[in-house]
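One structure is given below, encoded as structure tokens.
Everything numeric here is computed off the predicted structure, so don't read it as measured data. Proteins come first, then strands; the chains are lettered A, B, ... in the order of their sequence lines, and each starts at number 1. Only heavy atoms go into these numbers, but all of them, side chains included; no hydrogens, no water, no symmetry mates.
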2 protein chains.
Amino acid sequence: MAGASYPGHMNTPDDDWLRLDQQICFSLHAASRAFNGVYRGILKDLGLTYPQYLVMLVLWEHDELPVKKLGEHLRLDSGTLSPLLKRLEAAGLVRRERSARDERSVEVRLTEEGVALRARALQVPRRIASSTGFGAEEIRMLRARLDELTTALDAAAALAEGQDGPSAAEQPSGASPGLRRM
Amino acid sequence: MAGASYPGHMNTPDDDWLRLDQQICFSLHAASRAFNGVYRGILKDLGLTYPQYLVMLVLWEHDELPVKKLGEHLRLDSGTLSPLLKRLEAAGLVRRERSARDERSVEVRLTEEGVALRARALQVPRRIASSTGFGAEEIRMLRARLDELTTALDAAAALAEGQDGPSAAEQPSGASPGLRRM
DNA sequence: CACAATTAAGTTGTGTGCAATTGAATGGCG
DNA sequence: CGCCATTCAATTGCACACAACTTAATTGTG
């Protein structure tokens, strides 16, 4: 330990917060990448990347979906999804065709090969779960916690974006500041 | 709801796992990106990206560090750090110089400007914390949980890499499949 | 000392993630 | 009907992440 000595600097609560901040944001970042790494190894057999697997999970539930809906499920925009879906299409797992009723929209649909892949994917979750060493209940609790966090963070981000405040001093606004748009 | 109907498919525990898997891996992924988004907005003022901020946090603690050590702290390799550090150097926040004692190593050191930036960064954690709506204690608990998870996942990944099994059909090995090595 | 193995950074290539922009299609409104 | 704002997907540009490879320096061994 023994951090850098900042001359004329007492150890203020701010410094502690900075250290804590380092820890929580790093922890989440690291956990996400560690998860990614484990999935990478397991999904290699299926020829999928982790984000591609997430897309397939949604499609296995819904079969056909416009890109927009897919993006809402995964919180990803077309800038990410378009090239990803093109790769899935090149791999023969999905087909993309413009909707007849709304020419702006593109429907993503599983091919037979894409449907068939699901059978092989059924083994993935067990391998992941055993990698975590967590039980189903622990996983559920952690998930609930993370979802809380995501909801709060998204709301805060939307709020900040809405008026790009000078910096901090925003009123907490008590009630539901939530999603004015979308 | 009402997932796709897989003809001739009963709803097995595997299906439930697949849904749960979707939820946990998605939750972590989403939380990480939500965090990233909030940081992005706040760090814009400092001219830093989120990973750059992580690097600066480490340097504010250690002042000078070889790239290797930096990578160990952050679990990042030179493929990620080299270009990132080059950008920080271009921004005038760090200097990189080859170590005199070991010409392979590159020491990363804060410039005065880099040290000065710390004062402005002291406000970041409070703004983040207020965005999460979590208290210090909740954050600490979540962090502990995530670190557990990361440790388990890294161990599992190292193990898998070690022998890169054929694919699925490994014997479940009965008892604790967990961490034979490491 | 010579030489193979190891180690540290850097480089290349692929795949996200996201902001900003583009272009086509749609819907609303006078 | 004509026009304009909105919506959706795709594209562009930038910054990670990470595997695989390259290059240079160091270490270990005979």
Side-chain angles (χ1 to χ4, degrees), chain A residues 25-26 29-41 43-44 47-55 65-72 74-91 96-108 154 157 161 164 181-182, chain B residues 25-26 29-41 43-44 47-55 65-72 74-91 96-108 154 157 161 164:
Chain A
C25 67
F26 167 68
H29 202 62
S32 179
R33 284 187 293 119
F35 235 111
N36 206 310
V38 171
Y39 271 104
R40 195 194 320 282
L43 293 174
K44 204 169 39 183
L48 293 175
T49 67
Y50 179 50
Q52 287 166 8
Y53 173 67
L54 292 176
V55 168
L65 227 47
V67 173
K68 185 77 193 307
K69 290 286 181 192
L70 203 49
E72 285 169 10
L74 299 170
R75 280 171 214 264
L76 291 172
D77 67 4
S78 67
T80 300
L81 285 175
S82 285
L84 190 158
L85 289 169
K86 238 194 282 193
R87 282 187 278 273
L88 286 181
E89 187 170 43
R96 293 181 303 153
E97 30 194 63
R98 298 216 90 97
S99 163
R101 277 200 285 86
D102 186 343
E103 287 280 340
R104 292 170 303 180
S105 177
V106 167
E107 299 285 336
V108 182
D154 278 350
E161 203 172 321
D164 211 308
R181 295 178 319 192
M182 261 219 86
Chain B
C25 65
F26 166 68
H29 201 62
S32 179
R33 285 186 293 120
F35 235 110
N36 205 310
V38 172
Y39 272 104
R40 193 194 320 282
L43 292 174
K44 205 168 38 181
L48 293 175
T49 66
Y50 180 48
Q52 286 167 9
Y53 173 67
L54 292 176
V55 168
L65 226 46
V67 172
K68 185 75 194 308
K69 290 285 182 195
L70 203 49
E72 284 169 10
L74 299 170
R75 281 169 213 263
L76 291 172
D77 67 4
S78 66
T80 299
L81 285 176
S82 286
L84 191 157
L85 289 170
K86 239 192 283 192
R87 281 185 281 273
L88 286 181
E89 187 171 42
R96 292 181 304 155
E97 31 195 62
R98 299 217 88 99
S99 163
R101 278 200 285 88
D102 186 343
E103 288 278 341
R104 291 172 303 180
S105 178
V106 167
E107 300 283 337
V108 182
D154 278 351
E161 204 169 321
D164 210 309

Next on the checklist: Could you go through A:L85 and A:L70, starting from their C-alpha distance and side-chain angles, then the distance that decides it, and tell me whether this counts as side chain to side chain contact (heavy atoms under 4.5 Å, CB included)?
Outcome noted: CA-CA 11 Å; A:L85 289 169; A:L70 203 49; 4.0 Å; yes
Next on the checklist: Checking B:D102 now: which residues fulfil salt bridge (Lys or Arg N to Asp or Glu O under 4.0 Å) with it, not counting sequence neighbours?
Outcome noted: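 B:D102: salt bridge (Lys or Arg N to Asp or Glu O under 4.0 Å) contacts with B:R104.
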Nearest-Å distance, [atom1] ([X]) to [atom2] ([N])?
X      : N      : atom1 : atom2 : value
A:Y53  : C:dG15 : OH    : C1'   : 19 Å
B:L76  : D:dA19 : CG    : C1'   : 14 Å
B:Y50  : C:dC18 : OH    : P     : 13 Å
A:N36  : D:dC18 : CG    : P     : 7 Å
B:L88  : D:dA15 : CG    : P     : 11 Å
A:D154 : C:dC18 : CG    : P     : 10 Å
A:Y39  : C:dT16 : OH    : C1'   : 17 Å
B:K44  : D:dC14 : NZ    : P     : 18 Å

[atom1]/[X] to [atom2]/[Y] distance, rounded to the nearest 0.5 angstrom?
X     : Y     : atom1 : atom2 : result
A:H29 : B:Y39 : NE2   : OH    : 11.0 Å
A:T80 : A:L74 : OG1   : CG    : 10.5 Å
B:Y53 : A:F26 : OH    : CZ    : 14.0 Å

Item to check | By side chain to side chain contact (heavy atoms under 4.5 Å, CB included) - contacts of B:E72 (at least two apart) | outcome: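 Testing B:E72 for side chain to side chain contact (heavy atoms under 4.5 Å, CB included), a comparison that skips the adjacent residues, returns B:K68, B:K69.
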Item to check | Contacts of A:S78 that satisfy side chain to side chain contact (heavy atoms under 4.5 Å, CB included) - sequence neighbours left out | outcome: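 With sequence neighbours excluded, A:S78 shows a side chain to side chain contact (heavy atoms under 4.5 Å, CB included) to A:S82, given in chain and number order.
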Checklist entry - Closest nucleotide of DNA chain C for A:R101 versus for A:P51: which of these residues is on the 5' side? => result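 The answer here is A:P51.
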Within the sub-3.5 Å range, which N or O atoms of nucleotides 1-4 of chain D have a protein N or O partner, and how far apart are they?
none

Next on the checklist: Please tell me if A:Q52 has a side-chain N or O lying less than 4.0 Å from either OP1 or OP2 of C:dT16.
Outcome noted: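 Yes, A:Q52 has a side-chain N/O under 4.0 Å of OP1/OP2 on C:dT16.
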Item to check | N/O (side chain, A:H29) to phosphate O (OP1/OP2, D:dC16) under 4.0 Å | outcome: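 Checking A:H29 against D:dC16: no side-chain N or O falls below 4.0 Å of OP1 or OP2.
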Checklist entry - Closest nucleotide of DNA chain D for B:L84 versus for B:D77: which of these residues is on the 5' side? => result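 Mapping each residue to its closest nucleotide by heavy atoms, the 5'-most match is B:L84.
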Next on the checklist: Give me each pair satisfying salt bridge (charged side-chain N to carboxylate O under 4.0 Å, His left out) with a member in residues 75-90 of chain B, each pair once, sequence neighbours excluded.
Outcome noted: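 Listed by first then second residue: B:R75-B:D154, B:E89-B:R96.
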Item to check | B:L88 side chain near B:L48 side chain, heavy-atom distance below 4.5 Å | outcome: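 Side-chain contact under 4.5 Å: yes.
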Checklist outcome for this item: Heavy-atom contacts, protein to nucleotides 3-14 of chain C, under 4.0 Å, summarised as B (base), S (sugar-phosphate only) or - (none) per nt, yield ----BSBBB---
